[in-house]
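Here's the structure, in structure tokens; my notes come after.
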Amino acid sequence: MSEITYREGLRRALHDAMAEDQTVIVLGEDVAAAGGAFKVTDGLLERFGEDRVLDTPISEQAIIGAAIGAAAQGLRPVAEVMFADFAATCFDGIANQLPKYRYMTGGQVSVPAVVRMANGAGGGYAAQHSQSVENWFLNVPGLKVATPARPADAYGLLRAAIDDPDPVLVFEHKGLYNAKEEVGELRRVELGKAAVVRSGTDLTVVASQQMLHRALEAAAGLAAEGIEATVIDPRTVAPLDVATVLGSVEATNRLLVVQESPAAGSWGATLVAEVSEQAFELFDAPPRLLSGEATPIPYAASLESHWLPSVERIADAVRAVVEF
Amino acid sequence: MSEITYREGLRRALHDAMAEDQTVIVLGEDVAAAGGAFKVTDGLLERFGEDRVLDTPISEQAIIGAAIGAAAQGLRPVAEVMFADFAATCFDGIANQLPKYRYMTGGQVSVPAVVRMANGAGGGYAAQHSQSVENWFLNVPGLKVATPARPADAYGLLRAAIDDPDPVLVFEHKGLYNAKEEVGELRRVELGKAAVVRSGTDLTVVASQQMLHRALEAAAGLAAEGIEATVIDPRTVAPLDVATVLGSVEATNRLLVVQESPAAGSWGATLVAEVSEQAFELFDAPPRLLSGEATPIPYAASLESHWLPSVERIADAVRAVVEF
Amino acid sequence: MSGLPEVEEQLDWLRSMHLIRGFEDEVNAFFAKGLVRGSTHLCQGQEAVSVGACRALAEQDTMTCTYRGHGAVLAKGAPLDRTFAEILGRAGGLCGGKGGSMHLTDTSVGAFGSFAVIGAHLPIANGLALGGRLLGRDSVSLCFFGDGTANIGAFHEALNLAAIWKLPVVFVCENNLYGEYTAIAKTTPIDALADRADSYGMAKARIDGNDVGVVYDTVTDAADRARSGGGPSLIEAMTYRHKGHSRSDPAAYRPDGELESWLEWDPILLHERALGEQGVAEATLGEIGTAAAAAVATARDRALSWPEPDAATRLEDVYA
Amino acid sequence: MSGLPEVEEQLDWLRSMHLIRGFEDEVNAFFAKGLVRGSTHLCQGQEAVSVGACRALAEQDTMTCTYRGHGAVLAKGAPLDRTFAEILGRAGGLCGGKGGSMHLTDTSVGAFGSFAVIGAHLPIANGLALGGRLLGRDSVSLCFFGDGTANIGAFHEALNLAAIWKLPVVFVCENNLYGEYTAIAKTTPIDALADRADSYGMAKARIDGNDVGVVYDTVTDAADRARSGGGPSLIEAMTYRHKGHSRSDPAAYRPDGELESWLEWDPILLHERALGEQGVAEATLGEIGTAAAAAVATARDRALSWPEPDAATRLEDVYA
Ligand SMILES: Cc1ncc(C[n+]2csc(CCOP(=O)(O)OP(=O)(O)O)c2C)c(N)n1
Ligand SMILES: Cc1ncc(C[n+]2csc(CCOP(=O)(O)OP(=O)(O)O)c2C)c(N)n1
Ligand SMILES: [Mg+2]
Ligand SMILES: [Mg+2]
């Protein structure tokens with residue numbers, strides 16, 4: 001066992017994948033010489049050379065296009081879009097080309113490309129550098145979407161994403177790069193499988209990324225009050241592992257979903273809709289979704305700290321669901 | 001009373017708005033001399049001149065940016081993005097600039113811009129020209145999103161959108177341009193208010209655009225079987241008029257939502273989640289969401305006709321909800 | 001200039017242009033009969049660009065094009081019958097009926113896709129070039145697009161990246177004078193789009209796109225340069241589409257006489273004249289036209305005899 | 001060349017450059033104390049571009065810039081204290097604390113926003129120009145951006161549209177040789193970015209961006225041309241940022257001696273020298289520096305004394 005950071009989990013995944021498979025390449029802005037804006041690609045250039053680790057101009061459309069075309073030729077490109085917010089500048093590539101290329105061609109073309117992007121509020125980066133934008137892509141069939149919350153999963157999901165024969169978006173979280181965890185041997189984590197991170201009988205809390213950590217903190221505090229929560233990390237929001245959540249709700253009969261992004265059009269709303277539809281009769285209380293607020297993300301600490309669901313607000317929501 | 005088409009409703013809205021308010025301008029690809037790819041802007045150039053009706057290069061980012069900047073100066077631009085799928089090529093403008101400009105500046109800048117785009121499958125336009133993409137924008141606070149289904153609403157929602165001091169996306173539907181309706185005096189339709197299009201006691205069906213028409217057809221058929229459905233058109237999916245739906249479900253105790261786009265991250269899923277959370281105890285049967293399939297949209301008639309919810313599938317879903 | 005190849009090869013260009021012309025005329029007729037869904041964009045008049053450029057490629061090379069790509073895909077070697085079938089939405093179509101007119105693809109002949117969002121495939125063409133290079137395939141990536149496409153952001157990003165990475169790409173801009181219903185001069189403030197290559201320090205050429213020999217020659221040079229590490233090129237091929245932009249367009253925006261003068265500069269006529277000057281008998285030329293018409297008719301009938309795809313296949317090919 | 005204005009006006013440029021320099025040094029110090037959230041991008045060394053360009057504008061003109069926009073916004077006339085306060089996230093900040101360092105805006109002085117997504121504001125600058133023209137405001141839209149931004153799609157679309165519509169826009173590219181940690185030559189295959197104007201038939205200039213007089217002069221000409229219907233311009237102002245890209249960047253990628261040689265070409269030094277040559281006494285120059293330092297300190301302290309925004313305000317300003 002050793003302790004690694006989330007950043008290190010991602011970094012090792014890239015190193016291991018590139019060492020094992022010659023067809024893996026990495027491209028993006030400042031990913032090579034500088035080792036990445038968040039240092040996730042550190043050391044790759046030195047180890048694998050400039051043919052496989054490529055700095056690009058500030059041209060997100062060109063980055064995604066290069067990844068798609070290279071993947072169609074048989075490479076396994078891992079493209080970085082620095083802040084997830086910038087996915088907006090190459091949205092056509094990600095939403096209209098990447099996930100439809102196989103289908104439109106009747107299966108002739110495989111696109112095993114990965115796009116890594118950094119999600120997340122809480123750091124004072126304001127409206128255009130703080131969003132968690134996985135929800136922009138939920139309504140686009142053909143994309144798998146991973147949202148790791150912990151170091152071992154960061155490693156495992158990124159490895160699985162690179163192995164996958166289809167496009168996978170991996171949303172990292174800026175606020176978690178320095179988060180640490182004791183890990184054993186690092187392994188791939190199957191896409192589409194949620195993790196039950198904490199077991200309790202009183203309700204099921206599903207939370208991702210930064211909110212997973214806050215939910216766990218809230219759950220630890222609530223245990224002192226005699227409330228025992230199961231906490232589930234969806235790990236991928238497409239496909240969403242509804243079965244694991246349903247399995248848990250069968251035992252707890254209560255559900256709270258916590259996410260950083262606003263509610264409308266989110267994976268959290270999708271999950272609540274799905275379980276309501278599939279297992280309505282299981283619930284002893286209405287399922288509940290706790291989200292970031294329906295405003296752009298403000299800069300000042302006194303504003304942003306309220307925008308994000310806090311440990312206290314999560315705990316309050318848990319109490320409300322349990323006491324319903 | 002006279003009969004007009006959906007296209008004519010939109011066209012009149014533009015004519016009336018431009019005639020009433022000198023600050024309204026229209027811009028987009030082939031909107032001026034050619035009158036628009038779908039002929040919605042027909043006659044505007046001749047009537048209002050080339051200062052106010054502007055053909056652009058094939059440059060969606062430039063179109064949206066021009067609309068934003070012109071709106072910030074005090075104009076009321078109506079930009080056309082021909083097929084809604086192309087919103088992907090100017091996604092940053094629509095999602096990161098348009099809805100955040102007021103907020104980031106602490107309220108200094110108003111952006112009364114409208115973006116019109118054509119949604120919709122069913123015509124054999126295949127994967128990149130058939131999507132209904134309003135769901136891409138739900139998770140972006142600051143945008144209002146209208147999805148007219150009928151000629152009078154097409155007029156009224158577009159007028160309201162142009163009047164609105166904030167950005168509004170208006171998704172038209174390609175399959176409805178020739179749809180007809182008897183209309184009285186054309187009026188603005190308040191954004192955020194659903195319409196109860198048919199009243200019945202057995203369940204509430206919420207459906208938008210093409211699916212509204214299919215739901216009404218299904219409802220008419222089901223009446224012969226003794227099933228009476230209330231059918232609601234949300235008209236705007238942001239804000240979503242949850243109150244009207246809840247009011248109806250209070251009477252019917254059953255809900256079916258029907259939409260053209262896939263389920264994940266959709267307004268339909270958001271609505272099901274909201275009503276489940278707010279009014280769980282009202283339901284006699286689980287709420288249900290019927291959607292387009294989770295694949296890109298296929299070309300061939302034998303494939304696409306199955307992709308979209310048909311009148312029969314809607315009727316089946318109604319029966320399943322009612323008989324639960 | 002690398003010079004023209006053997007006459008036999010040049011006769012094959014003529015054959016190919018005839019096949020494309022005949023194919024497009026049939027697709028036009030399909031419309032009238034309601035056999036084609038959605039929209040479709042014909043390329044009669046632009047055959048020399050498709051054929052001249054594709055014939056300049058090697059087997060390992062890739063080609064990407066647009067919704068106006070029937071000619072390009074056929075020139076690259078896609079079978080007539082399965083191409084017809086795709087446009088008709090039949091199970092035997094190139095893409096199993098999933099793609100249709102705007103997404104014709106046949107990777108077995110290097111036709112890596114027709115893309116329907118303007119500009120989208122230029123960055124992808126770079127990727128095909130990059131992939132080919134890293135995988136040691138010695139391949140060139142040929143990329144067709146229209147004049148109107150030179151104004152979209154992806155064009156700029158793609159050309160810049162191709163240049164800085166010296167990717168083996170040949171960008172061929174088919175300047176047919178219009179983007180949809182709008183003449184290029186209304187949307188583009190310069191005359192020669194090829195000059196935009198200068199923004200990227202890229203090799204350029206502006207050529208008669210109706211002269212198949214000139215196209216062949218120019219693309220051959222560009223492909224040679226690309227393959228030998230000399231980087232990408234931008235070729236602007238001046239041409240004209242005989243029909244409107246798409247099915248619903250009567251092309252009323254054209255000035256009087258414009259079409260007529262271009263019909264006199266028809267690529268098939270031009271090439272027949274050139275072959276005649278090289279001594280090919282008129283009868284030989286005539287036979288090629290007749291044989292092509294027969295081949296098109298046979299392929300059409302075969303495609304029409306094929307069934308629609310089974311509905312269950314719509315759920316396949318989303319994921320591997 | 002329109003020639004230099006009165007010495008008094010030129011002294012004011014010096015004042016403004018000193019204020020910006022002092023402001024940025026304070027912001028740098030704020031970092032060290034953990035008073036600034038997120039990231040921030042300083043512009044020491046680039047003051048002549050901000051001041052020379054903004055002073056060439058008329059009152060009704062608009063200015064848009066980037067996350068590296070402190071200097072531009074101050075040069076356009078935003079008050080020091082409220083600008084400090086915005087970066088500190090205080091209620092009295094320009095944007096009420098909602099925007100922060102990357103989104104400084106003061107429409108009351110024509111500063112229409114700082115944008116943090118590369119390229120996003122170039123199309124918006126066109127819109128400000130279009131709106132101004134249609135509303136009869138006789139306004140010019142000044143748009144600052146960096147060298148790295150010349151490779152993104154929005155740059156291309158914006159310049160093309162501005163040119164074809166002859167919009168009154170002055171595009172000022174601040175070429176500080178780097179985009180983040182990467183030297184321009186690694187990402188851009190040509191030397192002079194100004195030459196990209198040729199792709200749009202647009203007027204162009206490549207100038208010493210550290211010479212405030214040259215910047216003033218060039219932008220004055222461009223603004224005159226724009227206002228009189230002559231269309232947009234692209235000005236490439238060669239300059240250098242003394243600090244790293246953002247707070248966390250020690251700028252280790254710079255070649256030895258590069259910073260030092262640019263420090264000798266410091267815009268404040270250069271302008272002081274120019275003023276000296278015009279006969280201004282050294283003491284006068286010294287007083288300007290001292291007064292600026294005092295003004296910065298006062299504004300800083302005032303801003304630091306202001307409260308954080310009330311949490312309830314976070315829900316305001318989404319809609320009108
Ligand atoms: C991003 C985007 N915007 C608009 C369209 C609609 N559209 C289809 S073809 C076309 C004209 C393209 O002109 P050009 O590039 O000259 O190609 P041509 O059709 O002449 O071959 C347009 C605007 C599109 N498909 N994609
Ligand atoms: C679309 C987008 N991609 C990437 C970034 C990250 N980023 C911020 S600043 C920057 C470098 C910009 O370089 P340049 O245009 O030269 O401006 P400078 O910072 O030198 O003023 C990058 C890549 C961004 N903000 N937006
Ligand atoms: Mg064209
Ligand atoms: Mg720079």
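What you see is a predicted model; the values in this text were computed from it and never measured. Throughout, protein chains are lettered first and strands after them, A, B, ... in sequence-line order, and every chain is numbered starting at 1.
At a 4.5 Å heavy-atom cutoff, Ala67(A) makes no contact with chain C through either its backbone or its side chain. For Gln22(A), no part lies under 4.5 angstrom from a heavy atom of chain C. Heavy-atom distances place no part of Ser110(A) under 4.5 Å from chain C, backbone and side chain included. Looking at Asp51(A), the atoms closer than 4.5 Å to chain C (heavy atoms on both sides) sit in the backbone and in the side chain alike. In this structure, the portion of Leu143(A) lying under 4.5 Å from any heavy atom of chain C is its backbone and not its side chain. Contacts of Gln97(A) with chain C are made by side-chain atoms alone, with heavy-atom separations under 4.5 Å and no backbone atom involved. Only the side chain of Ile25(A) comes within contact range of chain C, with at least one heavy atom under 4.5 Å from a heavy atom of that chain.
Considering all non-hydrogen atoms of both residues, Thr107(C) and Gln108(A) come closest at N-OE1, 2.9 Å. When all heavy atoms are compared, the tightest approach of Ala62(A) to Pro123(C) is CA-CB, 4.0 Å. A pairwise comparison of heavy atoms in Ala120(C) and Asp92(A) identifies CB-OD2, 3.5 Å as the closest pair. When all heavy atoms are compared, the tightest approach of Pro57(A) to Ile164(C) is CG-CG2, 4.2 Å. In plain terms, the two heavy atoms of Ala66(A) and Leu161(C) that are nearest each other are CB-CD2, 4.2 Å.
The shortest side-chain heavy-atom distance between Leu130(C) and Leu54(A) falls under the 4.5 Å cut-off. Inter-residue side-chain proximity for Leu27(A) and Trp165(C) is flagged as met; some heavy-atom pair is nearer than 4.5 Å. A heavy-atom distance below 4.5 Å is not found between the side chains of Lys100(A) and Phe115(C). Side-chain contact between Gln73(A) and Arg137(C): present, with at least one pair of heavy atoms (C-beta onward) separated by less than 4.5 Å.
Under the 3.5 Å distance criterion, the side-chain polar atoms of Tyr103(A) are matched with a main-chain donor or acceptor of Arg314(C). For Asp166(A) (side chain) and Ala320(C) (main-chain N/O), a donor-acceptor pair under 3.5 Å exists by modelled atom type.
One distance of note links NE2 of His156(C) with CD of Gln61(A); it measures 10.5 Å at 0.5 Å rounding.
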Chi angles and distances behind the side chain to side chain contact (heavy atoms under 4.5 Å, CB included) call for Tyr319(C), Lys144(A): CA-CA 10 Å; Tyr319(C) 300 104; Lys144(A) 294 173 187 158; 3.6 Å; yes

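Aromatic pair Tyr101(A)/Phe112(C): centroids not less than 6.0 angstrom apart.
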